[in-house]
Number of protein chains: 2
Amino acid sequence: MKSTNVADRVTAAALDLFATQGYATTSVQQIVEAAGVTKGAMYHYFQSKDDLLFAIYDRMLALQKAHLDQIVAAGGPVEDVVRAVCVDVVETSIDFLPEGTVFFRSMHMLTEPRLKEVTQRRREYHDAFAALLRRGQDEGVFRTDVPRPLLVAHFFSDVHYLSHWYSPEGPETKSEVAEQLTELFLRGIRTAAD
Amino acid sequence: MKSTNVADRVTAAALDLFATQGYATTSVQQIVEAAGVTKGAMYHYFQSKDDLLFAIYDRMLALQKAHLDQIVAAGGPVEDVVRAVCVDVVETSIDFLPEGTVFFRSMHMLTEPRLKEVTQRRREYHDAFAALLRRGQDEGVFRTDVPRPLLVAHFFSDVHYLSHWYSPEGPETKSEVAEQLTELFLRGIRTAAD
DNA sequence: TCGCGCAAACCGACCGGACGGTACGCCAGT
DNA sequence: ACTGGCGTACCGTCCGGTCGGTTTGCGCGA
């Protein structure tokens, strides 16, 4: 499939440039040059520059949501499920580190309808996570003296922040970081009696 | 002092617009109109658009560093000092929520020399925090089985993330959030024997 | 097998306009 | 008379997006 290749190369080039230079400071001309295609070709596959940004988010959100659904469907003791979810989201966020950088920096640049969709899909993920915590609280495994939204924010903050400090060349491997962050989080939210 | 007033109004307008629209999508024209001054007046006090961004960062970084130094100088048991630092940085970050939004979104838009300075000053803060954790580890209060940089990142991630979810109109007050986040963090990093 | 026709893929010169920044001059205060 | 504070008009540049046209690939009738 050669035709799809063009769209893929454009997406890859856009991701790379957005991550290193920022969305607003990257011109469409730069993107198409980096991808080795012409502007006409690009505008044949994408509606706008904004569309490129959305394509990046779409891919990442779809993947993470699929993982989440799968893990939750597998079932098991709450804490094990939460642990698996945490480890997974940290690991995939590391796999998609450039996407994460672009995401948090440039999400606000999306035009209204697309911003709405991205926001809603993130919310779904957060809500699913909150529901897990709720289950854990009902079962007495997780503490209830801290508002649940704060617990959710406390976890996602780590995921969010990864693109600001983690480097694959650094001393820690992906799974080490995933397990250590998960452990710190779980230790914080478990009920005192342990 | 009327002359300073112009610079202040420009800074305030810039902060507001950068926080709601983003740095790149805000034009100098918009800023001066919102501030009720002209471009000539603005360029009399600031060297460039980039300079406005830096002024915002400068103010926040200076304030937080001053707080940190004061708290550390006051001394006391390690855990109390760390707790005080955590609570303070969360609280001041809430006080400076728009600044935080702009900071993390648009830091990469700064031109080279200024980016360097901002980065270095943030590093100083992180290093001072890491030194505190080190002291706690030496005294056996904090766990040593997780790399210290990860502990530091784990904490600053919460601070970072505040601008993404916290709202003064929300159910939690500033100091509640500060104490709860601090508590979650401390619980995670203390040595198991408690 | 060949060529015809046609749609999809692709090209790249071009457009309108907005943007950051500057040149230059006025004017109030000293 | 001279300086700092400020207003205004304008400049060069670059950007996202378009559009008329060309090429490519392919189903299909003879």
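Numbered from 1 within each chain, the chains take letters A, B, ... in sequence-line order. Atom set for the values below is all heavy atoms of this structure, side chains included, hydrogens, waters and symmetry mates excluded.
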Report summary line: Sorted by chain and residue number, the ring pair (Phe, Tyr, Trp, His ring centres under 6.0 Å) partners of A:Phe142 (sequence neighbours excluded) come out as none
Report summary line: What residues 16-31 of chain B contributes to the DNA chain C interface at heavy-atom separation below 4.0 Å is B:Thr26, B:Ser27, B:Val28
Query raised in the report: Just how far, in rounded Å, is P of C:dC24 from NZ of B:Lys39?
Result: 17 Å
Query - Nucleotide nearest B:Ala41 when distance is taken to its side chain, options D:dG16, C:dG21, D:dG7 - result: D:dG7
Query raised in the report: Closer than 4.0 Å, any side-chain N/O of B:His44 to the OP1 or OP2 of D:dG5?
Result: yes
Report task. Select one nucleotide: of C:dG20, C:dG12, D:dG7, the one nearest the side-chain heavy atoms of B:Thr38. Result -> D:dG7
Requested in this report: Give every residue pair that meets the salt bridge (charged side-chain N to carboxylate O under 4.0 Å, His left out) criterion with at least one member in residues 153-182 of chain B, sequence neighbours excluded.
Outcome: B:Asp95-B:Lys174
Requested in this report: Tell me, please, which residues at least two apart from A:Arg105 pass side-chain hydrogen bond (donor to acceptor under 3.5 Å, both in side chains).
Outcome: B:His108
Query raised in the report: Is the closest side-chain heavy-atom distance between B:Asp51 and B:Tyr45 below 4.5 Å?
Result: no
Query raised in the report: Between B:His164 and A:Phe104, how do the two ring planes meet: parallel, tilted or perpendicular, split at 30° and 60°?
Result: perpendicular
Query - Nearest to side-chain heavy atoms of B:Tyr43, which nucleotide of D:dC6, C:dC14, C:dG20 - result: C:dG20
Query raised in the report: Between A:Phe185 and A:Phe129, what is the ring plane arrangement, given parallel below 30°, perpendicular above 60°, and tilted in between?
Result: tilted
Report task. Taking only heavy atoms on the protein side, list every residue of residues 46-56 of chain B lying under 4.0 Å from any atom of DNA chain C, sorted numerically. Result -> B:Ser48, B:Lys49
Requested in this report: Over 60° means perpendicular and under 30° means parallel, so classify the ring planes of A:His160 and B:His160, tilted if in between.
Outcome: tilted
Report task. Kindly state each residue pair satisfying salt bridge (charged side-chain N to carboxylate O under 4.0 Å, His left out) with at least one member in residues 66-75 of chain A, sequence neighbours excluded. Result -> A:Lys65-A:Asp69
Report summary line: From the candidates C:dA9, C:dC14, D:dC6, the one with an atom nearest any side-chain atom of A:Tyr45 is C:dA9
